[in-house]
Q: 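This is the structure I want to talk about, given as structure tokens.
Letters A, B, ... mirror the listed sequences (proteins, then strands); counts begin at 1.
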Amino acid sequence: MAYRLRFAPSPTGALHIGGIRTALYNYLLAKQKGGRFILRIEDTDQSRYVPGAEEYILRSLAWLGIHPDEGPGIGGDFGPYRQSERLDLYREYVMKLVEEGKAYYAWDTPEELDARRQQSEDHSFRYDASIRNEMNNSLRHSAEVTAQRLQEDVPYTIRLKVEPGQSIVVTDKVRGEVVFDSSSLDDKVLFKSDGYPTYHLANVVDDHLMKITDVIRGEEWLPSTAHHVLLYRAFGWEESMPAFSPLPLILKPNGNGKLSKRDGQKFGFPVFPLAWPSDNPEQAIEGFDSYGFEPEAVVNFLALLGWNPGTEQEIFSLKELVQTFDPEKIHKAGARFDFDKALWFNQQYVHQLRYDTVAERLEQEGAALGYDLSAGDMEGAFRLLQPRVQLVKEIMPQAKYFFSEDFEMDEESIEKKWKPELSGVLEDVATALASVEPFTFEAAGAKAKEIILASGVKMGLVMPMLRAALTGTMQGPDVFAIAEVLGKDITIARIRKLAKR
RNA sequence: GGCCCCUUCGUCUAUCGGUUAGGACAGCAGAUUUUCAUUCUGCAGAGAGGGGUUCGAUUCCCCUAGGGGCUACCA
């Protein structure tokens, strides 16, 4: 049978990395099996709907290179892919359950239910077989009363009638068998009074109708999977029920609870793929993109958070992940988010980057910093700075001396190490460099060292000053490598300038 | 409170009864770099506790503890 997997987010805001990882795993298995990856928007809660969220989800997946085969705006044979556009379907299916006595109407209002919960000691109120006959529903009332209320459009919900005393075995690929007792399950609301289905109904109906074969989703769904199995059973679809793989949760770095959307701000790292700007700075959120991460690194990092192939390989392209992924190797315990590790992954990718793939970004960043990019060799600067950074965006802020004579001089350090005799040596080095042709870093370095040695002034004194002359700082790439990129004329001019101080 | 899940170095993890318990990040030390970073080498660092099962348990079972999830007309 053809593999069909889906990612089914709710458009309630930006999607955090837990959701991204879920999408990724579904995508990986689908592609590995030559199947299809489907995006379904679960917008059944009108009150939590956030405009722009769906578009954000699409953009995020695209940024990461995860392209759905079917979905809203993409098409496919099983649409529509937005649950709000499938309302008639859910009604039709839930009515079958009602007709067969597997579900029932309930007129209890949210207020009444809240009151019951308040009254009950330690959260013991549960809408189930033990109390449903005293509640306000079609099980307690006569068929006539039910008919009349329906006639009068009294708002109702539809609940699943869970028969107590049966054991429900949920079999999944990461934990094996988990057994639930139906007596501990409540009569879940399937259909809300606003005409929308709840997650449970919509999810089961759609997974069935869309012929989903495997469901990889967060572990928070494990308890309700028991209800879902009951639903498949009620519909008579148990034979074709998808295989489940619960994903361990991504935990806060300090280990207290699952990673939440607010944690990014709290701990100082991104928890969203893409930044979501807002007019209100309080609400604007950062993303891995705005932190300067490469999407490939984010994918790699997330893929290995809670899963690994059992080998010691850590760097995987999306393609390699597709080949290697195995849901049975998903780790069982929750994984703490480790930003340092994320940075390390990014560094691995940054060090492999080819100049032409980042030239445009560097140009924009340089321009934003006010550099005159035509005044220097950007590719040379990139080549020298690339191995020294974890994020591409760290490059341009430390590259000013490649493009300008107006870079800051670390006067304090220069002052501390300055000796009067340096003037002469620097001048001699500058003069000698003029004859170096071609002006490569090897040749320039050899010539400069020759002059310094002959001068009798300590190498350890001159070299830092040469560096200061060229860059203004006491740290950075190899001095002569910088000199080569700057070119002979600029190198000589800067050395002479410092010599004359 | 009830139901369910989980538990190996600080962190992410390997191990599918027999290993000096391996790797990566972070940490520390050294080498290279006459700088800093990179890179390389090395060091340190773990089976929550208690019972079983077994010739032998990190691995299987039970209990305890700890952590997590769910417990909505939210997903």
Q: Would you classify A:D181 as touching base, sugar-phosphate or nothing, given that sugar-phosphate means primed atoms plus P, OP1 and OP2, and contacts are heavy atoms under 4.0 Å?
A: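 Answer is nothing: A:D181 stays at 4.0 Å or more from every strand.
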Q: Between B:rC62 and B:rC43, how many Å separate the two P atoms, rounded to a whole number?
A: 40 Å
Q: Can you tell me the distance, in whole Å, between the CG atom of A:D478 and the P atom of B:rU35?
A: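 Answer to the nearest Å: 10 Å.
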Q: Rounding to the closest angstrom, what is the interatomic distance between B:rC60 and B:rG23 at atom P?
A: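 It comes out at 23 Å once rounded to the nearest Å.
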Q: Is A:K102 salt-bridged to A:E163, going by a charged N under 4.0 Å from an acidic O?
A: no
Q: Report the base-pairing partner of B:rU32 (Watson-Crick or G-U wobble, both distances below 3.5 angstrom), or none.
A: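 By the stated definition (distances under 3.5 Å), nothing pairs with B:rU32.
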Q: B:rA72 phosphate, OP1 or OP2: any side-chain N/O from A:R126 under 4.0 angstrom?
A: no
Q: Need one value for A:Q347: base, sugar-phosphate or nothing, where a base atom within 4.0 Å counts as base even if backbone is also close, heavy atoms only.
A: sugar-phosphate
Q: Side-chain N or O of A:K192 versus OP1/OP2 of B:rC74: is the shortest distance under 4.0 Å?
A: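 So the side-chain polar atoms of A:K192 do come within 4.0 Å of the phosphate oxygens OP1 or OP2 of B:rC74, strictly under.
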Q: Report the base-pairing partner of B:rU38 (Watson-Crick or G-U wobble, both distances below 3.5 angstrom), or none.
A: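 Base-paired to nothing in any strand shown.
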Q: Which heavy atom in A:D108 sits nearest to a heavy atom in A:E112, and how many Å separate them?
A: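 Taking every non-hydrogen atom into account, CA-OE1, 3.3 Å.
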Q: Confirm from the modelled atom types if A:S184 and B:rC3 form a donor-acceptor pair under 3.5 Å, side chain to base only.
A: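 No pair found.
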Q: Any chance the side chains of A:Y291 and A:N346 put a donor and an acceptor closer than 3.5 Å?
A: no
Q: Could you tell me how far apart A:N203 (CG) and B:rC73 (C1') are, to the nearest whole angstrom?
A: 17 Å
Q: Counting any heavy atom closer than 4.0 Å, what does A:P477 reach on the DNA or RNA strands: base, sugar-phosphate only, or nothing?
A: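 Base contact.
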Q: Report yes if at least one side-chain N or O of A:H331 is closer than 4.0 Å to OP1 or OP2 of B:rA14; otherwise report no.
A: yes
Q: Touch check for A:K458, heavy atoms < 4.0 angstrom, all strands: base, sugar-phosphate only, or nothing?
A: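 Nothing: the residue A:K458, judged by heavy atoms under 4.0 Å, touches no strand.
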Q: Under 4.0 Å between any heavy atoms, over every strand shown, what does A:Y196 touch: base, sugar-phosphate, or nothing? Just pick one.
A: nothing
Q: For A:E312 and B:rG22, give me the distance from atom CD to atom P, rounded to whole Å.
A: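 Taking atom P of B:rG22 as the reference, CD of A:E312 is at 10 Å.
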Q: Which heavy atom in A:L87 sits nearest to a heavy atom in A:G195, and how many Å separate them?
A: CG-O, 3.9 Å
Q: For nucleotides B:rU58 and B:rG51, find the distance between their P atoms and express it as a whole number of Å.
A: 13 Å
Q: Would you indicate which nucleotide in B:rA75, B:rC4, B:rG22 comes nearest to any side-chain atom of A:V178?
A: B:rC4
Q: Should B:rA46 form a Watson-Crick or G-U wobble pair with both distances under 3.5 Å, which nucleotide is its partner?
A: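 By the stated definition (distances under 3.5 Å), nothing pairs with B:rA46.
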Q: Please tell me which of the listed nucleotides, B:rG2, B:rA14, B:rA75, lies nearest to the side chain of A:N308?
A: B:rA14
Q: Say we look at B:rU54 and B:rC70: how far apart would their C1' atoms be, to the nearest angstrom?
A: 38 Å
Q: Pairing check on B:rU11: which nucleotide meets the Watson-Crick or G-U wobble criteria with it, both distances under 3.5 Å?
A: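 By the stated definition (distances under 3.5 Å), B:rA24 pairs with B:rU11.
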Q: Taking 4.0 Å as the cut-off, does a side-chain nitrogen or oxygen of A:S47 come that near to OP1 or OP2 on B:rC74?
A: no
Q: With a non-hydrogen cut-off below 4.0 angstrom, is A:T109 in contact with a base, only sugar-phosphate, or nothing?
A: base
Q: Provide the distance between the two C1' atoms, one in B:rA14 and one in B:rG69, to the nearest whole Å.
A: 26 Å
Q: Would you please confirm or rule out a distance under 4.0 Å between OP1 or OP2 of B:rG67 and any side-chain N or O of A:K252?
A: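 Result: no.
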Q: More 5' along RNA chain B: A:D114 or A:Q390, using each one's nearest nucleotide?
A: A:Q390
Q: Identify whether any heavy atom of A:P387 sits under 4.0 Å from a base atom; if not, whether one sits that close to sugar-phosphate; answer base, sugar-phosphate or nothing.
A: sugar-phosphate
Q: How is A:S124 classified with respect to the nucleic acid when contacts are heavy atoms under 4.0 Å: base, sugar-phosphate, or nothing?
A: nothing
Q: Give A:G218 one of three labels, base, sugar-phosphate or nothing, depending on what nucleic acid heavy atoms sit under 4.0 Å from its own.
A: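 Result for A:G218 = nothing.
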Q: Please measure how far the C1' atom in B:rA57 lies from the corresponding atom in B:rG18, and state the result in whole Å.
A: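 Going atom to atom, C1' in each nucleotide, I get 9 Å.
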Q: Rounding to a whole Å, what distance do you find between A:K258:NZ and B:rC6:P?
A: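 Going from NZ in A:K258 over to P in B:rC6 covers 18 Å.
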Q: Let me know the distance between CG of A:L222 and P of B:rG68, rounded to the nearest Å.
A: 17 Å
Q: Check the distance between B:rA26's P and A:F267's CZ and give it to me in whole angstrom.
A: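 Rounding to the nearest Å, CZ of A:F267 and P of B:rA26 are 20 Å apart.
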Q: Please determine, for B:rC70, whether a Watson-Crick or G-U wobble partner exists with both distances under 3.5 Å, and give it or none.
A: B:rG2
Q: Side-chain N or O of A:R48 less than 4.0 angstrom from OP1 or OP2 on B:rA75?
A: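 Indeed not, no polar side-chain atom of A:R48 lies that close.
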Q: Once you apply a heavy-atom cut-off of 4.0 Å, does A:L304 come out as touching a base, just sugar-phosphate, or nothing?
A: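 Sugar-phosphate, backbone atoms only, no base.
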Q: With a 3.5 Å cut-off and heavy atoms only, can you find an N or O donor on one side and an acceptor on the other between the side chain of A:K341 and the base of B:rA26?
A: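 In this structure, the two groups form no donor-acceptor pair.
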Q: Could you tell me how far B:rG30 sits from B:rU15 if I compare only their C1' atoms? Round to whole Å.
A: 32 Å
Q: With a 4.0 Å cut-off, would you call A:E42 and A:R40 a salt bridge?
A: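 A salt bridge is present here (some side-chain N lies under 4.0 Å from a carboxylate O).
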Q: Can you confirm whether the side chains of A:R149 and A:N136 place a donor and an acceptor under 3.5 Å from each other?
A: yes
Q: Which of these nucleotides, B:rG69, B:rU7, B:rC25, is closest to any side-chain atom of A:W344?
A: B:rC25
Q: Answer yes or no: does a side-chain N or O of A:R159 lie under 4.0 Å from OP1 or OP2 of B:rC73?
A: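 Yes.
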Q: Do the numbers put A:R159 on top of the ring of A:Y127, so that NZ or CZ is under 6.0 Å from the six-membered ring centre and no more than 45° off the axis?
A: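 Judged by the rule (NZ or CZ under 6.0 Å from the ring centre, within 45° of its axis), A:R159 counts as positioned above A:Y127.
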Q: Can you measure from CZ (A:F269) to CZ (A:F293) and round to the nearest 0.5 angstrom?
A: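 Answer for the CZ-CZ pair, A:F269 versus A:F293, is 10.5 Å.
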Q: Closest approach to the side chain of A:D340, judged atom by atom: which nucleotide of B:rC25, B:rG69, B:rA75 is it?
A: B:rC25
Q: Roughly how many Å is it from CD in A:E314 to C1' in B:rU11, rounded to a whole number?
A: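 Answer to the nearest Å: 12 Å.
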Q: Kindly indicate whether the side chain of A:R336 and the base of B:rU11 share any N or O donor-acceptor pair separated by less than 3.5 Å?
A: no
Q: Select base, sugar-phosphate, or nothing to describe what A:D186 touches, counting heavy atoms under 4.0 Å on all strands.
A: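 No contact at all - A:D186 keeps every heavy atom at 4.0 Å or more from the nucleic acid.
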Q: Applying a 3.5 Å limit to both distances, which nucleotide forms a Watson-Crick or G-U wobble pair with B:rC16?
A: none
Q: Measure CZ/A:F180 against C1'/B:rC4 and give the value in whole Å, please.
A: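 After rounding, the reported distance stands at 5 Å.
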Q: Could you tell me whether A:D88 and A:R91 have a side-chain N and a carboxylate O separated by less than 4.0 Å?
A: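 No, no charged N to carboxylate O under 4.0 Å.
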Q: For the side chain of A:A335, starting at C-beta, report the closest nucleotide among B:rC74, B:rC73, B:rC12.
A: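 Selected nucleotide (nearest to the side chain): B:rC12.
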